[in-house]
Amino acid sequence: MQFELLNKDPKSKARAGLLHTDHGTIETPIFMPVGTVGSVKAVNQQQLHTDVQAQIILGNTYHLYLRPGLEILEKAGGLHKFNGWDKPILTDSGGYQVFSLANNRKIKEEGVVFQSHIDGSRHLFTPENVMDIERTIGADIIMAFDECPPYPSDYTYAKKSMELTHRWLTRCYTRFSETEPKYGYNQALFPIVQGSTYKDLRTQSAEFIASMDLDGNAIGGLSVGEPDEMMYEMCELCCDILPEDKPRYLMGVGTPANILENIALGVDMFDCVMPTRNGRNGMLFTTQGIINIRNKKWADDFSPLDETLGGLSAFYSKAYMRHLFVANELLGLQIASIQNLSFYLHLVKEARKRIIAGDFAEWKNKMVKIVSTRL
RNA sequence: GGGCAGAUACUCAAGUGGCCAACGAGGGCAGACUGUAAAUCUGCUAGCUUACGCUUUCGGAGGUUCGAAUCCUUCUCUGCCCA
């Protein structure tokens with residue numbers, strides 16, 4: 001894997017680059033749709049290519065390990081073959097599930113004992129077996145196994161958690177180095193900065209992560225409920241420490257405004273469930289602002305959902321979309337998901353253009369207002 | 001013409017003397033959602049009020065009672081059965 005830094009915005013820390021993988025090149029900054037169980041909910045692979053224009057999608061180690069399981073994935077020849085997505089894939093390690101399934105797990109030095117949310121069965125995730133699992137899933141980018149502490153976390157816990165994540169990272173790296181990709185293409189390991197909302201911990205963590213000298217670096221443990229300003233502060237601090245010649249991935253972020261602001265701080269990669277989940281729940285992100293499509297005011301608004309985006313977004317009207325949601329029709333979920341993902345990809349593509357053109361900062365300030373507007 | 005059953009908020013539907021502005025479901029209206037246990041979850045849904053609270057409601061009218069959606073009389077309407 002190779003990262004090519006192309007342009008830096010003169011008035012912010014935003015960058016444009018190219019991330020080369022064996023499944024193709026990714027233009028950064030980029031948004032990566034989340035496909036937890038090997039499927040971007042309500043959007044098929046063809047739509048991901050043509051409508052959304054996704055360049056890379058996510059999968060999740062925890063979910064794929066439980067279902068369909070490693071045997072099937074290995075027999076299939078890896079996730080790309082299994083789900084028919086021939087562009088890059090990134091797998092999250094299950095670190096987020098350590099956070100989100102807090103009631104069904106126990107964290108130990110060795111790893112985390114989980115109880116499956118599907119059948120209650122017990123499983124042990126360790127840095128070593130997570131590396132093995134991610135090798136088997138076959139993602140192009142595999143994430144280190146970390147702990148994502150909740151917000152707020154007290155200093156003592158945040159420090160302990162960060163140190164554990166660092167020790168786990170060392171073990172991840174060791175196992176990663178000892179093993180080979182299974183399907184003939186390269187895999188890269190990304191380590192994850194933690195440290196909650198404490199500057200000194202973030203600094204320490206970012207320095208440690210930078211010292212690993214891996215192909216890319218991630219910032220985790222943010223967008224877990226802290227105020228935006230705090231997220232930006234932590235993110236900027238980390239970006240300033242992480243090497244310039246490696247892609248920076250801010251995990252789990254965020255709203256369109258969050259993405260623009262963090263691009264301005266030097267982030268290259270994003271993922272978030274917001275466009276798909278909120279889309280399925282009737283919240284539409286458009287080039288004009290945010291729409292709650294179930295609201296009565298759209299009932300007789302026959303204007304296009306989002307003319308600027310073209311495609312399905314220009315084809316279907318707001319009134320029809322409201323009808324689909326009110327009637328609980330599956331088509332509504334599909335169009336909403338495509339609308340939101342198309343918008344997110346459109347947004348980062350525009351950002352990239354502006355960075356290359358050199359006027360990103362001004363454009364960003366204007367866009368943050370527009371994309372945050374509730375229509 | 002006679003007999004029986006029924007009429008409760010937008011709809012369906014509980015409630016058969018005080019704990020009832022009235023269970024529940026649907027519908028309606030709004031909100032939440034950030035490395036997905038989410039096509040999910042939450043709130044409101046007689047009127048006024050931020051709230052406390054106040055006012056008017058259970059087909060209509062009248063009555064019994066300290067107190068009625070609940071008991072009595074009568075009227076109206078609906079369904080079923082018998083002529």
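Each chain gets a letter, A, B and so on, in the order its sequence line appears, and its residues count up from 1.
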Side chain of [X]: nearest nucleotide among [options]?
X: A:K41; options: B:U40, B:U34, B:A38; result: B:A38
X: A:K296; options: B:A32, B:A37, B:C29; result: B:C29
X: A:D228; options: B:G35, B:U34, B:C33; result: B:U34
X: A:H117; options: B:A32, B:G35, B:A37; result: B:A37
X: A:D92; options: B:G35, B:A30, B:U34; result: B:G35
X: A:H63; options: B:G35, B:A32, B:A37; result: B:A37

Item to check | Donor-acceptor pair present, A:T276 side chain and B:U36 base, under 3.5 Å | outcome: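 Pair found.
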Classify the nucleic acid contact of [X] as base, sugar-phosphate or nothing, counting any heavy atom under 4.0 Å across all strands shown.
X: A:N60; result: sugar-phosphate
X: A:N104; result: base
X: A:E329; result: nothing
X: A:R374; result: sugar-phosphate
X: A:R322; result: sugar-phosphate
X: A:L330; result: base
X: A:G221; result: base
X: A:M283; result: base
X: A:N258; result: base
X: A:D271; result: sugar-phosphate

I'd like the [atom1] distance from [M] over to [N], given in whole Å.
N: B:U42; M: B:C80; atom1: C1'; answer: 45 Å
N: B:U56; M: B:G47; atom1: C1'; answer: 8 Å
N: B:U40; M: B:A25; atom1: P; answer: 16 Å
N: B:U8; M: B:G2; atom1: P; answer: 26 Å
N: B:A61; M: B:A9; atom1: P; answer: 15 Å
N: B:C58; M: B:G15; atom1: C1'; answer: 10 Å
N: B:U65; M: B:C20; atom1: P; answer: 25 Å
N: B:G24; M: B:U74; atom1: P; answer: 37 Å

Item to check | Any donor-acceptor N/O pair, A:E226 side chain to A:V224 backbone, under 3.5 Å | outcome: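 Looks like yes, one N/O pair under 3.5 Å.
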Item to check | Close aromatic pair by centroid cut-off 6.0 Å: A:Y183 and A:H80 | outcome: no
Next on the checklist: I'd like to know whether the aromatic ring centres of A:H23 and A:W85 sit less than 6.0 Å apart in this structure.
Outcome noted: no
Next on the checklist: For A:F125, run the ring-ring contact (aromatic ring centres under 6.0 Å, His included) check against A:F114, A:W168, A:Y96 and tell me which one passes.
Outcome noted: A:F114
Checklist outcome for this item: Whichever of A:N328 and A:I192 has the more 5' nearest nucleotide on RNA chain B, that residue is A:I192
Checklist entry - So which one's nearest nucleotide on RNA chain B is more toward 5', A:V326 or A:V253? => result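 Its nearest nucleotide lies further toward 5', so the answer is A:V326.
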Distance below 4.0 Å between [X] side-chain N/O and [N] OP1 or OP2:
X: A:S223; N: B:U34; answer: no
X: A:Q97; N: B:G35; answer: no
X: A:S116; N: B:A37; answer: no
X: A:R294; N: B:G27; answer: no
X: A:N295; N: B:C29; answer: no
X: A:N278; N: B:A32; answer: no

Checklist entry - When you measure from the centre of the six-membered ring of A:F176, is the NZ or CZ of A:R135 under 6.0 Å away and within 45° of the axis? => result yes
Checklist entry - Is A:E350 close to A:K353 at the side-chain level, that is, under 4.5 Å between some pair of heavy atoms? => result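 They are in side-chain contact.
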Item to check | Nearest-angstrom distance from the residue atom OH of A:Y344 to P of B:U34 | outcome: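 For the pair A:Y344 OH and B:U34 P, the rounded distance is 11 Å.
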Item to check | Shortest non-hydrogen contact from A:M162 toward A:L201 | outcome: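 Answer, listing the atom of A:M162 first, then A:L201: SD-O, 3.3 Å.
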